[in-house]
Protein chains: 2
Amino acid sequence: MTSKGAEVGTVRPGGRTARVRAAVLRATEDALVEQGFDGLDLGAVAQRAGVGKTTVYRRWGSATALVADLLVDMAEQSLPRADTGSLTEDLLANARLVRRTLADPRQGTLFRAVIAAASCDERTAEALRRFYQVRVREWAVCVEQAIQRGELPEDTDPDEVVRAVSAPLYYRLLASQQPLDEASADRAAHAAVAAAKAGVYARTR
Amino acid sequence: MTSKGAEVGTVRPGGRTARVRAAVLRATEDALVEQGFDGLDLGAVAQRAGVGKTTVYRRWGSATALVADLLVDMAEQSLPRADTGSLTEDLLANARLVRRTLADPRQGTLFRAVIAAASCDERTAEALRRFYQVRVREWAVCVEQAIQRGELPEDTDPDEVVRAVSAPLYYRLLASQQPLDEASADRAAHAAVAAAKAGVYARTR
DNA sequence: CAGTTAATGGGTCTACAGTTCCGTTAAGTG
DNA sequence: CACTTAACGGAACTGTAGACCCATTAACTG
């Protein structure tokens, strides 16, 4: 079985185990950024983390399992949402935040690698799903408030609006690979608002 | 160096070489669908293709190069666009086509694997870029016609509208991993139309 | 503050992905 | 329809990722 990842639940979660996990996850992140997912070598990760190779193979066992645990770790550091009182401003803030993350050489490469890993393994895919679920829920509150303010139709699906903001940016990162400039972020936000106001993201159709 | 891929340009492109390439690319496709990208073994591909292992290592050399050549091959089979006379109908047709492709167990898995490979290698990424460039240009004509009919602002960027249709579907495939049902395809198309009509995809801002 | 054992780590072994060598096949040429 | 050589394929070789063994370390327990 793959490691639970989080310290909770293991028999002996204290000091050393936690330190080893942290060191290995940091090393994994660095290796992913530098080598990419297919070049990920567990032995190299172990050495970089200053940890025995055996430990990495025993606790994680595969590159995808390592990335899955990294995603659990990443999901825990939640990003604070904006609260400007205007839907457009809130979603612009979200779009620009996502854009900045994906456009950053380190983070962008990391996200590509993580998504590549998720495409190769079901457990990792599940971890990625949870990661985005947390992120989306955090920002969906902005949309819920906009509905209460009467800016959007009652039956609008808040999560779907938030995802609509991210989608074009991820498409640029992964598929079309066009530059992730600020204008593209603003277009993503404005498009989501326009579509939401037109009732495209209504729950019942 | 990586193989040019296309037969044109090689010194001896005739019969056998072309047959070998076709067999290897088919085998690669099958292997990607069954094993995923990280499980891709060039030896196994060779065996499945009924071709010498040496040949695969010589002509392609790596899993990513193999996928890059597969993408060149896939780009050649262009999909015919719709022409219903209505922008909404055309984009609905496009969205449903993309959805059907990505929702298909075989094709969906293949696309995930291909995108994973592109995330791991610059040459493969370039091949993927070209692939989508061809696809997008094909359907952009629908948007150009809509502009001429006066359905959309003059300065609308046609390519950007087409990408806006695909983006939410790819986001579902790769990131959020929600079901790719027909309703999601229709939302994607309607959202793109709503945003385009609102002038979000104007070239000059 | 011992005693217990989960967890780690160094060292060794092994299967197999990827390389090399060289003989064979067949595509292009005149 | 021979002749040249690009391209292929079988077999033997090798480096290394990953498995295994067992001694050591340090968390939890009472």
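So that the names make sense, note that chain A is the first sequence line, chain B the second, and so on, each numbered from 1.
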Q: Would you please name every residue forming a salt bridge (charged side-chain N to carboxylate O under 4.0 Å, His left out) with A:D73, sequence neighbours left out?
A: A:R26
Q. In residues 33-55 of chain A, which residues come under 4.0 Å of DNA chain C by heavy atom?
A. A:V51, A:G52, A:T54, A:T55
Q: Tell me, please, which residues at least two apart from B:Q35 pass side-chain hydrogen bond (donor to acceptor under 3.5 Å, both in side chains).
A: none
Q. Atom OH of B:Y57 to atom P of D:dG9: distance rounded to whole Å?
A. 15 Å
Q: Check the angle between the aromatic planes of A:Y132 and A:F111 and answer parallel, tilted or perpendicular using the 30° and 60° thresholds.
A: tilted
Q: Report the residues that fulfil ring pair (Phe, Tyr, Trp, His ring centres under 6.0 Å) with A:F37, sequence neighbours left out, ordered by chain and then residue number.
A: none
Q.
Considering only residues two or more places apart or on different chains, which pairs with a residue in residues 106-118 of chain A satisfy side-chain hydrogen bond (donor to acceptor under 3.5 Å, both in side chains)?
A. A:E29-A:R106, A:D30-A:R106
Q: Would you mind reading off the distance between A:R19 atom CZ and C:dG9 atom P, rounded to a whole angstrom?
A: 10 Å
Q: List for me each residue that meets side-chain hydrogen bond (donor to acceptor under 3.5 Å, both in side chains) alongside A:D157, sequence neighbours excluded, and say none if there are none.
A: none
(Q) I'd like to check the side-chain hydrogen bond (donor to acceptor under 3.5 Å, both in side chains) partners of B:E182; sequence neighbours left out, ordered by chain and number. (A) B:R96
Q. Can you tell me if the side-chain N/O atoms of B:R59 get under 4.0 Å from OP1 or OP2 in D:dC8?
A. yes
Q: Not counting sequence neighbours, which residues clear side-chain hydrogen bond (donor to acceptor under 3.5 Å, both in side chains) with B:D90? List them please.
A: B:T84
Q: Kindly say whether, by distance alone, the side chain of B:R16 makes a donor-acceptor pair under 3.5 Å with the base of C:dG28?
A: no
Q: Return the angle between end axes of the helix from C:dC1-D:dG30 to C:dA27-D:dT4, with five pairs used per end and rounding to 10°.
A: 50°
Q) What is the distance from CZ of A:R21 to C1' of C:dA6, rounded to the nearest Å? A) 18 Å
